[in-house]
Amino acid sequence: MTTSAMQRGSSLADALKKEFASPKADLKKCGEYLAQLKILLTELSFLLPGEQPPRPEELILAREVLEIGALWSIRTENIPSFERYMSQWKTYYNDYRDLPVSQRTHTLVGLNLLRLLAQNRISEFHTELELIEPDQHSNIFISHPIKIEQYLMEGSYNKVWNLRGNAPAQEYLFFINILMQTIRDEIASCSEKAYTSLPLADAATLLYFKSPEEVFAFAQERGWNVNPQERKVYFGETDADNTEIPAGKMIQQVLGYAKELERIV
């Protein structure tokens, strides 16, 4: 990257950091900054033909852009974009460990672990965890998803819910909310088999909702019936529950088999 390109990149990166750190950040403008910076990053000296060694200032600039891009992806609720930024960022995390440590490192590592849990990719979660130095497991950003995975394995969903209020960064809530939706669907499926109905208050507690309105919306998605007067939720019967066994036909078939056996004997 030429000196002028580096200056332009640093200037754009500063504008991006300032906007992204703003309490009312313009995410659209941040996306425009990121698009321009990604084009500039293609001019990095170590990506061009030749034997030029990577320059530390270029590596730090590229790493910082990718870090903000990953966090921006979460704020815009774009998981594929987050995965792309993380895939590129890992190169700087794994291959250039001699660079000064970034303050966002543990946040991104923890977010990536949480993403895998939210996507129910447990085996990949453990693979990623093995790549993290054991002494880093106690870091608050990394210990948080580790605890969530332990509670999920125990079936302690209430503990997962409680950890939601102790998220180490605002971005963690995006993946935790996805995870809670998966947990609610699992609880709902079990409830449909275990109960015919539940009081609204009990359903709200069971599904970790804070208000009856949230239960109403969820019940509509699941096809449940809500009786406002009784303040109860009635679980709809499935086709499997209404399936009748054709007893008469089965008896005829069994008698037919018996006659065939008598002939053989």
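All values below were derived from every heavy atom in this structure, side-chain atoms included, with hydrogens, water molecules and symmetry-related copies excluded.
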Minimum side-chain heavy-atom gap T105-W89 below 4.5 Å
yes
I'd like to know whether CZ of R121 has more than 12 heavy-atom contacts from other residues, nucleotides or ligands below 6.0 angstrom.
yes
Out of curiosity, L152 CG to I183 CD1, how far, rounded to the nearest 0.5 Å?
5.0 Å
So that I know where these two stand, are F218 and Y208 an aromatic pair - ring centroids less than 6.0 Å apart?
no
For atom CD1 of I122, is the number of surrounding heavy atoms from other residues, nucleotides or ligands below 6.0 Å larger than 12?
yes
Do W72 side-chain atoms and L27 backbone N/O form a donor-acceptor pair below 3.5 Å?
yes
Side chain T42, main chain K38, donor-acceptor under 3.5 Å
no
Determine whether Y85 and E67 satisfy the following criterion, side chain to side chain contact (heavy atoms under 4.5 Å, CB included), listing intermediate values before the conclusion.
CA-CA 7 Å; Y85 276 111; E67 288 173 345; over 6 Å; no
So do V233 and S197 actually touch side chain to side chain, heavy atoms under 4.5 Å?
no
Is there a donor-acceptor pair closer than 3.5 Å between any side-chain N or O of S22 and the backbone N or O of K18?
no
Starting from M153, can I reach F175 by hopping between I/L/V/M/F/W/Y residues whose side chains sit under 4.5 Å apart?
yes
If you compare all heavy atoms of E19 against all heavy atoms of K24, which two are closest, and at what distance to 0.1 Å?
OE2-O, 4.2 Å
For L108 and L71, what are the C-alpha separation, side-chain angles and deciding distance, and is it a side chain to side chain contact (heavy atoms under 4.5 Å, CB included)?
CA-CA 8 Å; L108 290 172; L71 296 174; 4.0 Å; yes
Hey, could you give me the CG/CD distance between L117 and E124, rounded to the nearest 0.5 Å?
11.0 Å
Please work out whether the ring planes of Y172 and F141 are parallel, tilted or perpendicular, with thresholds of 30° and 60°.
tilted
Between L131 and F125, is there shared hydrophobic-cluster membership here, with clusters defined by ILVMFWY side-chain heavy atoms closer than 4.5 Å?
no
Could you walk me through whether F216 and F209 pass ring pair (Phe, Tyr, Trp, His ring centres under 6.0 Å), step by step?
CA-CA 10 Å; F216 291 150; F209 284 129; over 10 Å; no
Is a side-chain N or O of R184 found less than 3.5 angstrom from the main chain of L207, in a donor-acceptor match?
yes
Is a side-chain donor or acceptor of E214 paired with a backbone partner of S211 at a separation under 3.5 angstrom?
yes
Decide yes or no on side chain to side chain contact (heavy atoms under 4.5 Å, CB included) for L12 and V65, but give the supporting numbers first.
CA-CA 10 Å; L12 274 173; V65 169; over 6 Å; no
For residues R115 and Q119, is any side-chain donor paired with an opposing acceptor at under 3.5 Å?
yes
How many angstroms lie between atom NE2 of H126 and atom CD of E149, to the nearest 0.5 angstrom?
3.5 Å
Measure from NZ or CZ of R75 to the centre of the six-membered ring of F82 and say whether it is under 6.0 Å with the direction within 45° of the ring axis.
no
Working to the nearest 0.5 Å, report the span between OG of S191 and CH2 of W224.
6.0 Å
Tell me whether the count of non-hydrogen atoms from other residues, nucleotides or ligands lying under 6.0 Å of CD in Q103 goes above 12.
no
Does one side chain, of Y234 or E230, offer a donor that lies under 3.5 Å from an acceptor on the other?
yes
Donor-acceptor pair, side chain of S102 and main chain of R104, under 3.5 angstrom:
yes
What are the two closest heavy atoms between N78 and P80, and how far apart are they?
OD1-CD, 3.3 Å
Could you tell me which non-hydrogen atom of I176 sits nearest to which non-hydrogen atom of A167, and how far apart they are?
CD1-CB, 4.3 Å
Is the backbone of Q7 close enough, under 3.5 Å, to the side chain of S11 for a donor and an acceptor to pair up by distance?
no
Any non-hydrogen side-chain atom of V215 less than 4.5 Å from a side-chain atom of V226?
no
Closest non-hydrogen atoms of N139 and H106, given as atom of the first, atom of the second and distance, are ND2-ND1, 3.4 Å
Verify side chain to side chain contact (heavy atoms under 4.5 Å, CB included) between I79 and S73, making sure each step is shown before the conclusion.
CA-CA 7 Å; I79 295 178; S73 300; over 6 Å; no
H144 side-chain N/O to L114 backbone N/O, donor-acceptor pair under 3.5 Å:
no
I'd like to know if the side chain of N162 and the backbone of N158 have a donor-acceptor N/O pair within less than 3.5 Å.
yes
How many angstroms lie between atom OH of Y96 and atom CD1 of I60, to the nearest 0.5 angstrom?
12.5 Å
In Å, rounded to the nearest 0.5 Å, how long is the span from CG of L41 to CG of L34?
9.5 Å
Can the positive tip of R97 be found less than 6.0 Å from the middle of the six-membered ring of Y93, inside 45° of the ring normal?
yes
If only atom types and distance count, is the side chain of N94 paired as donor or acceptor with the main-chain N or O of K90 below 3.5 Å?
yes
